[in-house]
J.: 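I have a structure here, written as structure tokens, and I will follow up with some questions on it.
This is a predicted model, so every value here is computed, not measured. In what follows, every heavy atom counts, from backbone to side chain, and hydrogens, waters and symmetry copies are set aside. Just follow the structure's listing: the first ligand is 1, and inside any ligand the first atom is 1.
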Amino acid sequence: MTAMSENKKLNDWINEMAAMCQPDKIVWIDGSDEQRNQLRAEAVATGELIELNQKKLPGCYLHRTAQNDVARTEHLTYICTSKKEDAGPTNNWLSPPDGYQRAAEIFKGSMKGRTMYVIPFSLGPVGSVFSKIGVELTDSIYVVLNMLIMVRCGKQVLDKLGTEGDFTKCLHGKAERDIEKRLILHFPEDNTIWSVGSGYGGNVLLSKKCMALRLGSYLARQESWLAEHMLILGVEHPSGLIEYLAAAFPSACGKTNLAMLVPPEGLTRKGYRIWTVGDDIAWMRIDTDGGLWAVNPEAGFFGVVPGTNSTTNPNAVATIRKNTIFTNVVLTKGKTVWWEGADGDPPESGIDWRGNEWHPAMRDENGKPVPGAHPNSRFTTPISQCPSHTFRMDHHHGVPISAVIFGGRRAHLAPLVYQSYSWQHGVFMGATMASERTAAQYGKQGEVRRDPMAMLPFCGYNTADYFRHWLQMGQEMTRPPKVFHVNWFRMDETGEFLWPGFGDNLRVLEWILDRCRGEAEAVASPIGYVPTPSSLDLTGLDLSGAVVDELLRVDYDSWFQEVEGIKEFFAKFGDRLPHALEDEVNSLHRRLTTYQSAANG
Ligand code: OXD
Ligand code: MN
């Protein structure tokens with residue numbers, strides 16, 4: 001190996017990891033097009049990537065993961081802190097010595113006959129106050145090619161790191177890709193991540209969930225900032241004013257679609273323009289103006305493919321036409337790709353995500369259609385290709401956040417939108433978010449699970465301490481963003497969604513931003529400020545008054561039940577739960593009782 005860096009700590013660590021994994025050779029990733037092309041060619045030669053029709057999809061490739069390796073494996077994901085309480089009741093825990101030892105047994109000699117790639121990367125604009133440097137070692141070209149899209153990589157990062165700089169040590173090895181020998185381990189006290197036995201993005205692109213969220217959140221608490229599972233988008237008014245929102249939704253609840261939304265027909269007269277900053281992760285700091293400013297630490301989207309089409313997300317469709325890696329979708333005869341919910345008719349036949357012959361009429365033993373693409377199939381694509389991408393991507397200060405939005409997938413409980421009474425109440429709203437389990441995680445689908453701030457699988461320390469940190473951040477800001485909760489997924493009694501969603505969600509964002517400027521009407525309710533029906537601009541939407549009322553209704557009985565559910569959830573955290581959150585659940589209960597008795601006369 002010829003080291004590309006003179007950073008001793010980096011070189012010593014690489015040597016130590018190489019001694020354990022025993023790769024045949026070590027290759028440094030410099031970020032050049034030349035090296036990328038060479039790696040693509042190598043991956044095509046070995047079958048790791050399939051080259052797609054380069055006339056129709058220039059720079060696009062298809063990858064298939066192993067069948068047992070198609071989603072994040074939360075039950076094999078651990079936070080390894082010296083004290084178990086520091087990982088908290090919502091994380092799996094191993095002691096650091098135990099974690100290192102178990103993973104080392106799998107890593108040992110696992111790279112024999114393979115190459116170890118060294119990927120230096122920066123989360124956030126290189127050299128900005130937000131930026132954190134990481135180095136990922138991996139034996140997977142697929143990981144390298146994805147990282148080259150997802151984060152700022154290569155020589156510029158090493159130059160910034162210099163001879164003395166510190167970095168997050170990220171080690172990934174495919175090993176045998178055996179679920180019995182798979183571990184995703186985080187050592188926040190050592191600024192280290194070890195992931196072994198998987199080839200699925202969320203487990204192996206270590207910059208993403210592992211570093212930007214799990215280790216990121218740990219560092220953020222130490223350094224007084226926030227690392228969040230949030231999209232960021234800007235809404236530009238015809239006057240040129242751009243206001244930015246950050247929104248947390250659990251995995252696969254439409255963050256990517258919202259981040260790239262296209263204004264609906266009925267609002268085009270208002271001349272809004274949307275700017276996409278990020279679709280998954282926000283790093284936010286208090287700036288000298290006392291407000292919260294955010295960057296997207298990533299440079300690419302790793303988005304869920306099924307359902308992506310010109311109606312649900314025209315900007316994504318335009319983004320993924322070139323330089324995109326597709327994972328686990330259908331390969332057509334003409335070497336293009338297809339997925340359930342794509343534009344146009346399905347191909348007559350193709351090869352499915354498992355690599356088998358497939359045609360759209362195929363049915364399983366229960367008579368259900370056999371999907372050609374995996375429900376959690378993905379695209380990896382550069383943000384810079386998105387027609388709505390922000391022009392502030394590399395600005396070192398990021399963008400100022402006017403509103404923080406929490407959202408879940410609640411079929412009955414939560415109204416379309418409501419605003420918190422205070423920052424503390426907003427933290428309570430985020431802490432008690434709940435949603436249904438989706439295809440992005442293993443487990444029973446449809447089940448409701450609490451997912452505080454959409455960080456349940458991503459908080460790198462005790463979630464009770466994380467709530468305390470959020471409360472503390474509110475104390476430190478003189479101009480905190482306003483906090484809201486949205487629910488696009490309310491259903492009628494026949495199970496139909498009441499709200500059209502997608503582009504029409506801008507109507508709700510408009511109300512939110514108007515509220516931030518003190519301009520939209522609302523009524524106080526036990527759960528927060530709810531819009532008056534006339535304060536939402538529903539021009540061009542065919543919704544009856546009864547449906548709008550239902551969308552905005554606060555059902556006291558369900559909320560009394562919710563209070564019980566919240567208390568049960570909070571009990572998990574014992575004494576570590578901040579008192580402020582207990583106060584909030586008691587206040588919610590009190591308000592419900594007061595409003596209900598007023599309503600009953
Ligand atoms: C993701 C996830 O992949 O949240 O973004 O699972
Ligand atoms: Mn996510």
Side-chain angles (χ1 to χ4, degrees), residues 63 65 69-77 90-91 123 142-143 146-147 149-151 184 186 195 198-217 226-233 246-260 276-283 294 296-308 313 316 319-320 324-329 339 373-381 383 405-409 430 433-443 445 449-460:
H63 172 78
T65 64
D69 199 14
V70 290
R72 286 183 290 102
T73 33
E74 289 174 12
H75 64 292
L76 302 173
T77 301
T90 58
N91 280 314
L123 285 173
Y142 170 75
V143 168
N146 274 273
M147 290 289 282
I149 298 173
M150 289 308 296
V151 275
I184 294 94
H186 305 75
S195 163
S198 173
Y200 169 74
N203 291 335
V204 302
L205 308 178
L206 300 185
S207 57
K208 195 173 185 53
K209 302 303 186 182
C210 300
M211 178 166 160
L213 289 178
R214 297 196 188 97
L215 288 199
S217 59
L226 292 168
E228 299 302 322
H229 191 202
M230 289 182 176
L231 68 92
I232 311 166
L233 105 175
F249 301 110
S251 304
C253 278
K255 284 210 302 296
T256 304
N257 292 346
L258 187 65
M260 299 182 197
T276 306
V277 184
D279 76 327
D280 196 38
I281 298 174
W283 279 8
N296 170 8
E298 302 186 285
F301 302 123
F302 180 64
V304 176
V305 183
T308 303
N313 196 338
T319 310
I320 61 182
T324 298
I325 300 174
F326 293 93
T327 301
N328 290 341
V329 296
W339 51 85
H374 188 274
N376 192 33
S377 52
R378 298 280 175 149
F379 53 73
T380 317
T381 196
I383 293 180
I405 303 174
F406 296 114
R409 194 183 263 272
M433 264 171 65
S435 193
E436 288 161 19
R437 207 184 272 274
T438 71
Q441 313 97 32
Y442 280 110
Q445 289 189 34
R449 71 169 189 170
R450 298 242 163 236
D451 191 352
M453 277 92 168
M455 283 287 279
L456 183 73
F458 307 122
C459 186

J.: T65 and side chain to side chain donor-acceptor pair (under 3.5 Å): which single residue from N376, T327, N328 fits?
T.: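 Option passing the side chain to side chain donor-acceptor pair (under 3.5 Å) with T65: N328.
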
J.: Short check: any N/O/S atom of K209 below 2.8 Å from the Mn ion (ligand 2)?
T.: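 So K209 counts as coordinating the Mn ion (ligand 2), yes.
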
J.: Does L205 reach the side chain of V143, with side-chain heavy atoms less than 4.5 Å apart?
T.: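 Result yes, sub-4.5 Å side-chain heavy-atom pair found.
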
J.: In terms of ring plane angle, is the pair F458 and H229 parallel, tilted or perpendicular, where the classes change at 30° and 60°?
T.: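 The rings of F458 and H229 stand perpendicular, inter-plane angle above 60°.
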
J.: For the Mn ion (ligand 2), find the closest N/O/S atom belonging to D280 and write down its atom name.
T.: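 Going by distance to the Mn ion (ligand 2), the closest N, O or S atom in D280 is OD1.
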
J.: Would you mind listing which atoms of ligand 1 come within a distance below 4.0 Å of any non-hydrogen atom of K209?
T.: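 Under 4.0 Å from K209, ligand 1 has these atoms: 1 (C), 2 (C), 3 (O), 4 (O), 5 (O).
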
J.: For ligand 1, which atoms sit closer than 4.0 Å to a heavy atom of R72?
T.: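 The list of qualifying atoms is 2 (C), 4 (O), 6 (O).
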
J.: At less than 4.0 angstrom from any non-hydrogen atom of S251, what atoms of ligand 1 do you find?
T.: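 Listed by number with element: 2 (C), 4 (O), 6 (O).
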
J.: When you check the side-chain N and O atoms of R72 and S251, is any donor under 3.5 Å from an acceptor?
T.: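 Yes, because at least one side-chain N or O of R72 sits under 3.5 Å from a partner of the opposite role on S251.
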
J.: Is ligand 1 under 4.0 Å from a heavy atom in the side chain of R378, in the backbone, in both, or in neither?
T.: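 Near ligand 1, R378 shows its side chain, while the N, CA, C and O stay back.
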
J.: I'd like to check whether D280 has a polar contact with ligand 1, where a contact means an N/O of the residue lying under 3.5 Å from an N/O of the ligand.
T.: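 N/O-N/O distance below 3.5 Å exists for this pair.
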
J.: Show the atoms of ligand 1 that are less than 4.0 angstrom away from any heavy atom in H229.
T.: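 Those qualifying, in numeric order: 4 (O).
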
J.: Testing T324, V304, I325 for side chain to side chain contact (heavy atoms under 4.5 Å, CB included) with R378, which one passes?
T.: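 The side chain to side chain contact (heavy atoms under 4.5 Å, CB included) with R378 is passed solely by V304 among T324, V304, I325.
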
J.: I need the I149 CD1 to T381 OG1 distance, nearest 0.5 Å.
T.: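 If I round to the nearest 0.5 Å, the distance is 6.5 Å.
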
